[in-house]
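Below: the structure, in structure tokens.
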Amino acid sequence: MDYGLMQRVFPFFLEAAWTTITLSVLTAALGLACAILGTSARLSRFALFRFLGATYVSLFRGTPALIQLFILYFGGPQIGIQLDAFAAGVIGLGVNVGAYMTETMRGAIIAVDRGQGEAARTLGMSRWQAMCNVILPQAMRLMIRPLGVNINALIKSTALVAAISVVELTYTAQRYIGSTYKPFEMFLIAGLLYMIIIYVVGQGISWADRKARLN
Amino acid sequence: MSQQKPFIDIRHAKKSFGTLEVLKDISLQVERGQIVAIIGPSGSGKSTLLRAINDLDPLTGGEIWLEDKQINKSLPHRQYEKHINEVRQEIGMVFQHFNLFPHLRVRENVTLAPKMLKGLSDAEANALAEEQLTKVGMIERIDYYPSQLSGGQKQRVAIARALAMKPKVMLFDEATSALDPELVEEVNLVMKRLAEEHMTMIIVTHEMGFAESVCDRVLFMDQGVVVEEGPPEVIFRNPKNERTQNFLRKHLAGHKA
């Protein structure tokens, strides 16, 4: 193993890791926003919204994220959508992970005992008041861990945007392999950095989950 | 001369789930301060009838009136929601499984709705919670979470929560069915106290002894109809209908076993 080379390229990998982190944060934020909309749609009392929500989920979970990215980035210009690679990556992955998060949130909300909503409604609360004051606080606790799983998967799926030339960890590894012919070292550094990011995020989620459980 | 209207007036209540008829044309009038027990085998429609009164299980036919207000009137969605939320404030409900809010302390379980819906200040709501919790003997547990309480204690808090809305009528849906036998009495005592205060109550129950000692009237329901009704001493001691007799015999046998 070429440790000297690894040391020399490491700063560039750190920079790339920063891109991966930025990409992950933006994607997670967009995903959560999509999921809030998606969940509202799926739980709406209007059939049209429920249909739209279900369609969103099955469309984006039913096709590879890579294909979705390709359609957006390479196919987009054909229908007048011009995005730079980074923006296409955030939007493509964000909307994709939003579909998974929609199911996570919806699952957590419907996992709250039916009697909770009934008790709130019999006291005279509106559907909205019952949702905000009784159901959501309980659902939040149920969704932290599974959302953490979604975010974990999302961080790893940021590797896909290498395929549309966003200079993040995976792309950087590939680029240095092109000039150094040392795939083992390069992918090892990339893998290690992914692991650190995921470890830190995982700890954060565990902490949030514990805190929610302690009330 | 207009006859005085009943306090609660259920007229020709019908309810179907798909092709299954759960309530077949039930009429029931309850006077203010009256305590009515509904007994019957599971699947008889007694809980459905109770849940129809505050529209948790909306009827498919018939009318339900509380004083001069029709509860299940047909209105556009938004107006209906506003109407039913107001009506529900006047109808307290106690569930078999308590349905306390587990993320809130006992105090907040009681104060949540009065603060939100009646605009009570923190101080007013606290005073109200203390008053109601004292009444059900749960004041010492005011800062506990529901998970730290026994079933009987949970149910007493649930009753306090319902009472804090100052309802005109209380509905009890098998309030003691989920309790360990030794915890039933403490809940029954609270209900008895309410009875002494002349709270109007409709009680779906399997506790025949309790129904007999507390209620003014007993309805026996089976397969979606009221088979027999009358004062408790008649229904329990001297039922006329064969189905009532069979049900009570089986029920008593089950209790002795």
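Within every chain, numbering begins at 1; the chains are lettered A, B, ... in the order of the sequence lines, protein sequences first and strands thereafter.
- Side chain to side chain, B:D173 and B:S47 meet the donor-acceptor criterion of an N or O pair below 3.5 Å.
- Using a 4.5 Å cut-off between heavy atoms, B:F101 touches chain A through backbone and side chain atoms alike.
- In this structure, chain B has heavy atoms under 4.5 Å from both the backbone and the side chain of A:N133.
- Heavy atoms from other residues, nucleotides or ligands lying under 6.0 Å from CD of B:E197 number more than 12.
- Of the atoms belonging to B:L117, it is side-chain heavy atoms, and not backbone ones, that fall under 4.5 Å from chain A.
- Top candidate by heavy-atom pairs under 4.5 Å with chain A, chosen from B:M116, B:E86, B:M165, is B:M116.
- Each of B:V94, B:N99, B:L171 has some count of heavy-atom pairs under 4.5 Å with chain A, and the biggest count is that of B:N99.
- Taking the six-membered ring for Trp and thresholds of 30 and 60 degrees, A:F49 and A:F46 have ring planes more than 60 degrees apart, a perpendicular arrangement.
- Between B:K15 and B:D57 there is no salt bridge, since no side-chain N of the basic residue sits under 4.0 Å from a carboxylate O of the acidic one.
- For the pair B:K82 and B:Y80, the cation-pi criterion (under 6.0 Å, within 45° of the ring axis) is not fulfilled.
- In this structure, chain A has a heavy atom under 4.5 Å from the backbone of B:L100, while its side chain stays farther away.
- When the candidates B:H77, B:R51, B:Q96 are compared by the number of heavy-atom contacts under 4.5 Å with chain A, B:H77 comes out ahead.
- Checked by atom type and distance alone, the side chain of B:E81 never pairs as donor or acceptor with a backbone atom of B:R78 at under 3.5 Å.
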